[in-house]
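Reviewing the structure listed below.
Chain A is the first sequence line, chain B the second, and so forth, proteins listed ahead of strands; every chain is numbered from 1.
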Amino acid sequence: MNPEEIKGTQQTAQTVNFIRTIIDEDNRTGKWGGRVLTRFPPEPNGYLHIGHAKSICLNFGLARDYNGVTNLRFDDTNPVKEEQEYIDSIIEDVHWLGFDWEDRLFYASDYFDTLFDYAIKLIKAGKAYVCNLSAEEIRSYRGTLTELGKSSPYRGRSIEENMQLFEAMRNGEFDEGDCVLRAKIDMASANLNLRDPVMYRILFAEHHRTGNKWCIYPTYDFTHGQSDSIEKITHSVCTLEFEDHRPLYDWYCVHLEIHHPQQIEFARLNLTYTMMSKRKLLDLVKEGIVRGWDDPRMPTISGFRRRGYTPKSIRDFADRIGVSKKESMVDYSLLEFCIREDLNKTAPRAMAVLNPLKITITNYPDDLTELLDAINNPEDASMGSRQVPFSKEIYIERDDFMEEPPKKFYRLAPGKEVRLRYAYYITCREVIKNENGEITELFCTYDPETKGGSSPDGRRVLGTIHWVSARHALHAEVRLYEHLFTLEDLNDIPENEDWHNFINPKSFEIITGWLEPSLKNSTPGSRFQFERLGYFCVDADSNESKLVINRTVTLRDSWAKINK
RNA sequence: UGGGAUGUGGCCAAGUGGUAAGGCAUCGGCCUUUGGAGCCGACAUUCGCAGGUUCGAAUCCUGCCAUCCCAGCCA
């Protein structure tokens with residue numbers, strides 16, 4: 001193994017968390033015979049977001065590191081909310097992230113027959129009954145956090161009667177809401193989940209997979225653990241809010257006498273300036289506040305993909321945030337660090353001007369075009385170089401010129417010399433303004449001795465700025481994004497305040513950029529670093545006549561900090 | 001006022017009785033044909049608080065405080 005590989009291995013091995021500690025212990029005691037089988041169990045009622053990415057990386061990462069595998073299983077027990085579109089998007093997103101479940105794609109609905117048999121088993125054991133209380137009555141009989149519940153009048157029904165009633169439920173002999181099947185556990189439990197939880201409800205809804213075969217559907221609690229069990233899952237990893245459900249998860253496994261996986265809960269991801277609520281994300285889409293689930297401002301996996309994030313950067317992010325049981329709020333800057341780090345190594349450089357200021361180089365020949373060598377990636381020599389056209393009229397960034405520069409500004413200013421990247425040194429000779437006093441153009445001279453960007457006399461030029469030849473420039477629609485919300489921690493919104501009030505009106509801006517011509521035939525998904533500006537990626541909205549480009553993330557800008 | 005969980009620097013996060021890893025952010029400096037990248041350095045006398053046990057406590061014990069979750073026929 002070469003030093004590089006050893007380094008990589010150690011990096012993986014050093015990632016410790018409480019779940020790995022549990023698995024290490026299981027392996028030591030032989031609890032599962034060294035087996036590790038996890039699953040990622042999304043409900044297909046929305047698109048996956050970065051919080052799901054954390055879970056995906058956790059589950060698939062655990063299996064990968066312990067020589068196990070991971071199943072993809074759709075938790076599709078509520079036909080009124082679930083759709084094929086979501087299934088398709090989830091499959092695409094998990095694959096895109098770089099994970100593979102091979103032939104182990106499952107649906108909880110695959111187990112409806114088995115689940116029905118399990119229900120029968122509990123009825124026959126006297127541990128489940130059909131209850132005719134209404135939803136409201138069930139709620140009031142359940143009691144409260146501090147008051148015990150009381151038994152349903154139907155709790156004492158005979159096994160025979162329950163069998164007959166449950167069959168009738170399945171056969172569609174009752175209306176929705178007439179009755180449910182409940183587990184007979186403990187109405188006095190301090191854990192509300194154990195106060196005779198509902199196992200089956202009547203729903204005359206067409207299921208996206210089972211069609212109209214069923215008019216009764218099992219609840220999450222009566223489905224999830226059993227599905228894990230059927231698949232012989234060893235470690236069932238879920239989020240903190242299911243901690244209170246674990247006793248019920250365990251109860252079903254024990255009383256059904258089936259394989260009993262261990263449920264382990266971890267804290268879900270919260271990110272600053274955004275939110276993970278599927279419902280609110282759906283609202284953003286429905287209300288047209290964003291352009292769709294894959295709007296580059298969305299915290300969805302498809303949003304990040306369109307924005308230009310790489311799967312590797314998101315996996316790296318998931319590794320870096322760690323896993324624990326403490327509810328946390330991760331800085332968005334960590335995510336930005338991860339994408340910059342990846343793209344710095346892999347993205348070819350190019351020059352583009354987003355806010356142009358025209359320069360005429362007065363001593364440069366009128367019709368001459370020179371092709372100058374430019375390095376594609378200073379971080380990776382194997383990416384080679386390209387040629388960029390240079391001519392008498394160019395555009396530079398408006399921010400790169402100041403008529404009255406402060407002390408540490410070492411870009412262009414009247415009388416000052418600056419390096420045009422890969423081209424020449426130029427000196428500003430004259431500032432041209434319109435009748436409103438606005439700067440419209442600069443007259444500069446160039447030093448022919450400095451071709452390529454260095455001078456024979458070794459004179460020091462601190463500032464290097466990017467540029468694009470006016471005559472050769474390529475137009476593009478450039479889309480700039482900022483945080484979708486103005487509030488750092490969206491949990492801080494008071495109960496009575498509408499979260500819509502915190503949507504950032506400046507989160508999306510369209511401008512016209514002037515690009516170097518080498519970008520002409522770039523295809524959707526291509527990523528670049530526009531030197532000194534940031535990382536950008538070609539959007540799918542591009543066509544042969546128009547290039548559309550998304551800004552993924554800006555470069556770090558220490559001048560902006562000094563300037564503040 | 002019931003039950004379940006969590007409290008380690010601005011944000012994450014190791015640590016499981018032997019004297020506070022690491023990352024992001026921040027702040028200095030070096031270097032630089034991207035004010036990018038890179039490199040070097042700084043950054044918790046202290047682990048929610050108060051007691052106690054111990055030669056020794058973030059780790060054990062007691063009490064308190066704070067925050068989150070639970071009363072869907074959602075997942």
Side-chain angles (χ1 to χ4, degrees), chain A residues 14-17 21 41-43 45 75-78 80-82 131 133-135 138-140 142-149 176-177 179-182 189-195 197-203 216-217 219-221 223-224 238-247 265 267 272 278-279 319-338 340-341 344-345 349 351 374-375 378-379 408-411 419-423 425 450 452-454 461-466 491 529-534 554-563:
Chain A
Q14 82 176 1
T15 311
V16 289
N17 60 49
T21 304
E43 184 191 10
N45 67 344
D75 228 332
D76 55 351
T77 59
N78 186 356
V80 304
K81 286 187 176 179
E82 296 148 7
C131 180
L133 253 23
S134 68
I138 286 183
R139 190 185 319 133
S140 83
R142 184 154 37 221
T144 67
L145 298 178
T146 52
E147 296 162 43
L148 302 186
E176 287 187 13
C179 54
V180 294
L181 183 70
R182 293 226 255 168
S189 173
N191 183 339
L192 298 271
N193 292 123
L194 298 182
R195 317 242 268 222
V198 172
M199 295 163 59
Y200 268 93
R201 74 282 212 188
I202 297 169
L203 245 33
I216 58 170
Y217 292 92
T219 57
Y220 164 84
D221 284 310
T223 306
H224 198 91
C238 63
T239 43
L240 251 27
E241 68 270 25
F242 293 103
E243 219 150 15
D244 286 342
H245 292 245
R246 192 173 63 228
E265 311 85 11
T272 55
K278 268 190 186 178
R279 221 206 91 240
D319 287 344
R320 286 170 183 271
I321 56 178
V323 177
S324 75
K325 299 194 67 154
K326 179 179 143 192
E327 312 219 24
S328 59
M329 175 65 65
V330 175
D331 262 5
Y332 201 92
S333 63
L334 179 60
L335 226 200
E336 295 187 327
F337 169 84
C338 292
R340 287 192 188 111
E341 184 181 59
N344 177 48
K345 295 285 195 308
R349 314 285 127 122
M351 289 197 286
I375 293 164
E379 302 288 323
K408 289 200 337 223
F409 186 83
Y410 43 87
R411 277 115 94 150
R419 174 187 297 108
L420 291 179
R421 174 139 245 229
Y422 299 125
Y425 291 1
T450 58
S454 60
V461 170
L462 279 176
T464 300
I465 65 176
H466 60 276
N491 297 131
Q529 182 200 99
F530 287 166
E531 296 216 24
R532 304 209 307 136
L533 296 176
T554 60
L555 248 30
R556 288 186 66 217
D557 186 352
S558 49
W559 166 247
K561 275 178 201 159
I562 293 168
N563 208 18

When rounded to the nearest 0.5 Å, the distance separating CG of A/L148 from CZ of A/R195 is 6.0 Å

Just one of A/I216, A/L181, A/V180 clears the side-chain contact (heavy atoms from CB on, under 4.5 Å) bar with A/I202, so which one? A/I216

Dot-bracket for RNA chain B, 5' to 3', with Watson-Crick and G-U pairs under 3.5 Å, [ ] for crossing pairs and | for other-strand pairs: what is it? .(((((((.[[[..)..(...]]].(((((.......))))).....[[[[[..)....]]]]])))))).....

Distance between C1' atoms of B/rA20 and B/rA5 (Å, rounded): 25 Å

Quick one: does A/D331's side chain have a donor or acceptor within less than 3.5 Å of a partner on A/S333's backbone? no

Mind checking whether A/H224 and A/H245 have side chains closer than 4.5 Å, heavy atoms only? no

Does A/S328 use its side chain to pair, donor to acceptor, with the backbone of A/V330 at less than 3.5 Å? no

Checking the side chain of A/T450 only, and the main-chain atoms of A/Y425 only, is there a donor and an acceptor separated by less than 3.5 Å? yes

Between the base of B/rG2 and the side chain of A/N191, is one N or O donor paired with an acceptor at under 3.5 angstrom? no

Looking across every strand, which nucleic acid part, if any, lies under 4.0 Å from A/V461 by heavy atom: base, sugar-phosphate, or nothing? nothing

From NE2 of A/H224 over to P of B/rC74, roughly how many Å is that when rounded to an integer? 17 Å

Just confirming the chi classification of B/rG28, syn or anti, using 90° around 0 as the syn window. anti

Pairwise P distance for B/rC60 and B/rA66, with rounding to whole Å: 23 Å

Name the pairs: protein N/O against N/O of nucleotides 36-39 of chain B, kept only if under 3.5 Å.
| unit_1 | atom_1 | unit_2 | atom_2 | d |
| --- | --- | --- | --- | --- |
| B/rG36 | OP1 | A/S558 | OG | 2.9 |
| B/rG36 | N2 | A/R349 | NH1 | 3.3 |
| B/rG36 | N2 | A/E379 | OE2 | 3.1 |
| B/rA37 | O2' | A/N344 | ND2 | 3.0 |
| B/rA37 | O2' | A/E379 | OE1 | 3.3 |
| B/rA37 | O2' | A/E379 | OE2 | 2.8 |

A/N78 pairs by side-chain contact (heavy atoms from CB on, under 4.5 Å) with which of A/L203, A/N45, A/T219? A/L203

